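Bear in mind that the values here come from a model prediction, so they are computed numbers and not experimental data. Values below: every heavy atom of this structure, side chains too, minus hydrogens, waters and symmetry copies. We name chains A, B, ... by the order of the sequence lines, and we start the count at 1 in each one.
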Amino acid sequence: MPELPEVEITKQGIEPFLLGQTIKQFTVRNRKLRWPIPVKLHQTLQNLVIQAVSRRGKYILIDCTVGWLIIHLGMSGSLRVLTSKEETASKHEHYDINLNNGMTIRYRDPRRFGALLWTNKDPEKHRLLTNLGPEPLHDVLNGRFLYQVLRKKSSPIKIQIMNNHIVTGVGNIYANESLFHAGIRPTRQANRISQVRLERLSDAIKKTLKRAIEVGGSSLQDFYQTDGTTGYFQQEYKVYGRTGEPCHTCKTPIKRVTLGQRSSFYCIVCQT
DNA sequence: CTGTAGACCTGGAGGC
DNA sequence: TGCCTCCAGGTCTACA
């Protein structure tokens, strides 16, 4: 589920319910996520006031005054808002954060690749966040930046833009879609692409991510008491998952290849 | 440093 | 129905 737009929409969806609230209770039903949820976290969080909610890459950061919760949704995680904690948790709903406004933030994650961590220090300094590349929606990501950072990278461009240390938050769907919009083959060696084309790529990344956030954001009113899935899924992809189907531009069947153990899709005519 | 494969998990889809 | 294989929106870690 979560690529950057989904994470941003989740962040926006939970933020208004969290700001200024005190954590009344934290309940764990299964602490075995990617890393175990700290055993004493329920004690740590007791009575803490939430000051801010932010996002860095695909991490959601919750400022709890004396420290931060770091949330990652992994492959299948989602957060939703309940009006009370009375609703029975299902098999894959692993933790609840109960607030003094009566609301509960509940985490669901069937595959348990997600994470919930606690840090006392600046979360940007946390080992998982400190080496992240720039935010894709910031001006730092542009053709010049990509050209510089990819100079010595001979592996495929798609692998590079999915590398969080190069640029953070570009997942498999948006890597494929952005490369289509930029007319670049996912297999092309990263250091063999001109700065002009990399400029097109950075523009395409920003455009596709922004569009997805807009589409998802338009159904934000449904976030409350839903599972957080939004209109973003319904958008039509140009190449992702369209193996053998005609390219929307030239009708050539979309090709599928595997790069870095991930499915990659492109048009052999429109992308060079 | 660079690049690649494996690891962590569950569930859905499709073939036989 | 049941069993098997493959696939899935992520990314850290180990190793060549």
Heavy-atom donor-acceptor pair, Thr168(A) side chain to Ile166(A) backbone, under 3.5 Å: no
Phosphate OP1/OP2 of dT13(C): any Arg127(A) side-chain N/O under 4.0 Å: yes
Using side chain to side chain contact (heavy atoms under 4.5 Å, CB included) as the criterion, point out the one residue from Ile184(A), Leu201(A), Leu150(A) that pairs with Ile193(A). Ile184(A)
Within a reach of under 6.0 Å around CG of Asp122(A), are more than 12 heavy atoms found that belong to other residues, nucleotides or ligands? yes
Select base, sugar-phosphate, or nothing to describe what Arg112(A) touches, counting heavy atoms under 4.0 Å on all strands. sugar-phosphate
Over how many whole Å does the gap from Arg262(A) atom CZ to dC6(C) atom P extend? 18 Å
Among dT11(C), dG10(C), dT10(B), which is the nearest nucleotide to the side chain of Asn164(A)? dT11(C)
Take Leu132(A) and Arg111(A), find for each the nucleotide of DNA chain C with the closest heavy atom, and name the residue whose nucleotide sits nearer the 5' end. Arg111(A)
Return the nearest nucleotide to the side chain of Ser155(A); candidates are dC12(C), dG10(C), dG3(B). dG3(B)
Taking only the side-chain heavy atoms of Lys153(A) (C-beta and beyond), determine which of dA5(B), dT2(B), dG11(B) contains the nearest atom. dT2(B)
For the pair Tyr107(A) and Tyr95(A), name the ring-plane relationship: parallel under 30°, tilted 30 to 60°, perpendicular over 60°. parallel
Among dG10(C), dT11(C), dC12(C), which is the nearest nucleotide to the side chain of Met75(A)? dG10(C)
Paired with dT10(B): which nucleotide, if any, by Watson-Crick or G-U wobble criteria at under 3.5 Å for both distances? dA8(C)
Looking at dT11(C), I'd like to know if its phosphate oxygens (OP1 or OP2) sit under 4.0 Å from a side-chain N or O belonging to Gln261(A). no
What integer distance in Å separates Asn131(A):CG from dT11(C):C1'? 13 Å
Distance check, P atoms only: dA14(C) and dC9(B), in whole angstrom units. 16 Å
Got a salt bridge between Glu177(A) and Lys238(A), using NZ or NE/NH1/NH2 to carboxylate O under 4.0 Å? no
Which one, dA8(C), dT11(C), dG3(B), comes nearest to the side chain of Ser263(A)? dA8(C)
Mind checking Leu73(A) for me? I need base, sugar-phosphate or nothing, with any heavy atom below 4.0 Å counting as a touch. nothing
Between atom CZ in Phe113(A) and atom P in dC9(B), what is the gap in whole Å? 8 Å
dT2(B) OP1/OP2 closer than 4.0 Å to side-chain N/O of Lys152(A): no
Starting at CD1 of Ile173(A) and ending at C1' of dC7(C), how long is that distance when rounded to a whole Å? 14 Å
Within this structure, what is the CG-to-C1' distance between Leu129(A) and dC12(C), rounded to whole angstrom? 13 Å
Rounded distance (Å) that lies between atom P of dT11(C) and atom CD1 of Ile159(A): 15 Å
Between Lys11(A) and Glu15(A), does a salt bridge (charged side-chain N to carboxylate O under 4.0 Å, His left out) hold up when you go through it step by step? CA-CA 6 Å; Lys11(A) 180 247 162 194; Glu15(A) 187 172 24; 3.3 Å; yes
Rounded to the nearest Å, what distance is computed from the OH atom of residue Tyr174(A) to the P atom of nucleotide dA8(C)? 17 Å
Less than 4.0 angstrom between a side-chain N/O of Ser154(A) and OP1 or OP2 of dG3(B), yes or no? yes
Arg34(A) CZ - dT13(C) P separation (whole Å): 7 Å
Verify the contact: side-chain N or O of His92(A) to OP1 or OP2 of dT10(B), cut-off strictly under 4.0 Å; return yes or no. no
Reckon Lys32(A) touches a base, only the sugar-phosphate, or nothing at all at heavy-atom distances under 4.0 Å? nothing
Listed nucleotide nearest any side-chain atom of Leu128(A), set dG10(C), dG3(B), dC12(C): dC12(C)
